[in-house]
Amino acid sequence: MKNSKIKFVKAREILDSRGNPTVEVELETDGGSFLASVPSGVSKGKYEAVELRDGGRRYHGKGVMKAVRNINEIIAPKLKGRGLMKQKEIDEFLIKLDGTENKSRLGANTILAVSMAVCRAGAAAKHLSLCQYISQLTERPAPLSLPIPSVLMIEGGAHAGNELDFQEFMIVPWVNPFSKSLQIASEIYQELKKIIKDYNPPTASEVPAEGRRVAGGSESHRRRAPKYINLGINVGDEGGFAPPVRVPEEALNLILEAAKNLGYQKKIKIILDVAASQFYTDGKYKMRFGDFTSDGLVRYYLGLIKKYPILGLEDPFSEEDWEGWEKLISNFQFLISKPLVIGDDLLATNPKRIKLAKGKKACNAAIIKMNQIGTITETIEAAKLAKSYGWEIIVSHRSGETCDDFISDLAVGIGADFIKAGAPARGERVAKYNRLLRIEEELHKN
Ligand code: PGA
Ligand code: ZN
């Protein structure tokens, strides 16, 4: 086939949504030119593949010129003239060329950018859309379907400058089709903005002693003038609001109030990304609203599950605290509908960690992030393994993103149950949701 050979590969340094450098690859075949760029996390797992950064003073050490040179000088000459149809072969070649367990020689950002561009060109050579092509690579039977979006409303942790230790408060609109879910998420997001502007937090005397049982505030605090006005609607790295609240229940109450105002309270569920590794020190979970032991945190989560429509908890414990994970799941045995216990940092999209977690009965759902492992082939393998255990799959963006919408096709192609791509706002976030709207149209045509 004329357009099935790589003519040239070229990398360049571009900026991501946080304004930090990242790698973009341009790959040319007779069939056209294909771009791909890679994301970058800030609350990273210990077991992720290595992201290559230059160090030094340039871009505060965050430059990626080493990665760019690795592509232009080492990888590109070796890929020129190669056939495109063999994603697995090319990925295996890249893995071998790197030669390390965690891709620390060439960099996972280096390798992934090439792997993604090869995949895009491979789809075009086969005259398939990217999601159809990925579904072939995954060896999934048709038909394709869209993931359910888990949409960010409020953020904290490493992604925002507020005092909220839990990282992400997401809503999952429990409706069909995808476009309707997105509409509901967007309406709630806009309503939440209004509610936060009017918000006045309870004073110390109105908060119960342990500071963990705030239910929307007392009558007296509702009568006071709003405290934060516009400051509360500043957003974090992924477009979620970052109001000056500290206690998770307050954030949850704000979101549920917004849903209720629009009559959507029965149509949504909640996923929390606690990102607990971020505040795990000396065997304790040290948060600004209180310190918890692993057992204390299990009890706290069980309380939240009783009170709120919690569909899932992502990284509820540190990636090192296997006992916490096991205890939480073992407490679910009497629940009729069991929440998802989702491994992100815990699993790092790594088949070895996924197997370990299965053996320990630590979770029942997996986050899939391409740059945690570094190639499309390994990403697909990790997703297939987790699926083979009966786990739910959630394809995810990173907090530092570009407008590349590859993960939308990935989610559809591998048959993910959910996708998380941040708030329904900000270009790099809506790029993913908008691509899914187009895929929805495409699937309806067929
Ligand atoms: P990160 O966070 O992209 O900053 O690592 C996202 C997440 O923890 O899900
Ligand atoms: Zn996470």
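Start at 1 and go down the list; that is how both ligands and their atoms are numbered. Owing to the predicted nature of the structure, the values given are computational and were not obtained by experimental measurement.
More than 12 heavy atoms of other residues, nucleotides or ligands lie within 6.0 Å of CD in E442, so this atom counts as buried by the packing criterion. Dense packing is recorded around NZ of K327, with more than 12 heavy atoms of other residues, nucleotides or ligands lying under 6.0 Å away.
Heavy-atom minimum distance, G63 versus R58: CA-NH1, 3.8 Å. The nearest pair of heavy atoms linking T402 to S37 is OG1-OG, 2.7 Å.
Close approach to H159 involves these atoms of ligand 1, each under 4.0 Å from a residue heavy atom: 1 (P), 2 (O), 4 (O), 6 (C). For ligand 1 and D344, the ligand atoms under 4.0 Å from any heavy atom of the residue are 7 (C), 8 (O), 9 (O). When each atom of ligand 1 is checked for a heavy atom of E168 under 4.0 Å away, the hits are 6 (C), 7 (C), 9 (O). Interface atoms of ligand 1 facing D273, defined by a heavy-atom separation under 4.0 Å, are 7 (C), 8 (O), 9 (O). The ligand atoms of ligand 1 that sit less than 4.0 angstrom from a heavy atom of K420 are 7 (C), 9 (O). Per-residue contacts place E314 under 4.0 angstrom from the following atoms of ligand 1 (heavy atoms of the residue considered): 9 (O). The atoms of ligand 1 that sit less than 4.0 Å from any heavy atom of R398 are 1 (P), 3 (O), 5 (O).
At a cut-off of 3.5 Å, with distance as the only test, a side-chain donor of R18 or S399 sits close to an acceptor on the other residue. In this model, no donor atom of one side chain and acceptor atom of the other lie less than 3.5 Å apart for E378 and T349. Of the N and O atoms on the side chains of E319 and S277, at least one donor lies less than 3.5 Å from an acceptor on the other residue.
A cation-pi contact links R353 to Y47, judged by a cut-off of 6.0 Å to the six-membered ring centre and 45° from its axis. A cation-pi arrangement, defined by a distance under 6.0 Å to the six-membered ring centre and an angle within 45 degrees of its axis, is absent between K338 and F332.
For ligand 1, one of its N or O atoms has an N or O atom of S43 under 3.5 Å away. The N/O atoms of D345, backbone and side chain alike, include none that comes under 3.5 Å of an N/O atom in ligand 1. For V42, a nitrogen or oxygen atom sits less than 3.5 Å from a nitrogen or oxygen atom of ligand 1, counting backbone and side chain alike.
Under the rule for a salt bridge (charged side-chain N to carboxylate O under 4.0 Å, His left out), E187 has no partner lying at least two apart in sequence or in another chain.
The protein heavy-atom contact nearest to atom 4 (O) of ligand 1 is S399 OG, 2.5 Å. Protein heavy atom nearest atom 6 (C) of ligand 1, with residue, atom name and distance: K369 NZ, 3.5 Å. The protein heavy atom nearest to atom 8 (O) of ligand 1 is Q167 NE2, 2.9 Å.
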Report all side-chain donor-acceptor pairs from residues 145-158 shorter than 3.5 Å, counting only partners two or more places apart or in another chain.
from: E155; atom 1: OE1; to: E238; atom 2: N; distance (Å): 3.3
from: E155; atom 1: OE2; to: G236; atom 2: N; distance (Å): 3.4
from: E155; atom 1: OE2; to: D237; atom 2: N; distance (Å): 3.4
from: E155; atom 1: OE2; to: E238; atom 2: N; distance (Å): 2.9
from: E155; atom 1: OE2; to: G239; atom 2: N; distance (Å): 3.1
from: E155; atom 1: OE2; to: G240; atom 2: N; distance (Å): 2.8

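Legend: salt bridge (charged side-chain N to carboxylate O under 4.0 Å, His left out) pairs involving residues 164-178, not counting sequence neighbours, sorted by first then second residue: D165-R288, E168-K420.
Each protein N, O or S atom less than 2.8 Å from the Zn ion (ligand 2) was counted, giving 3.
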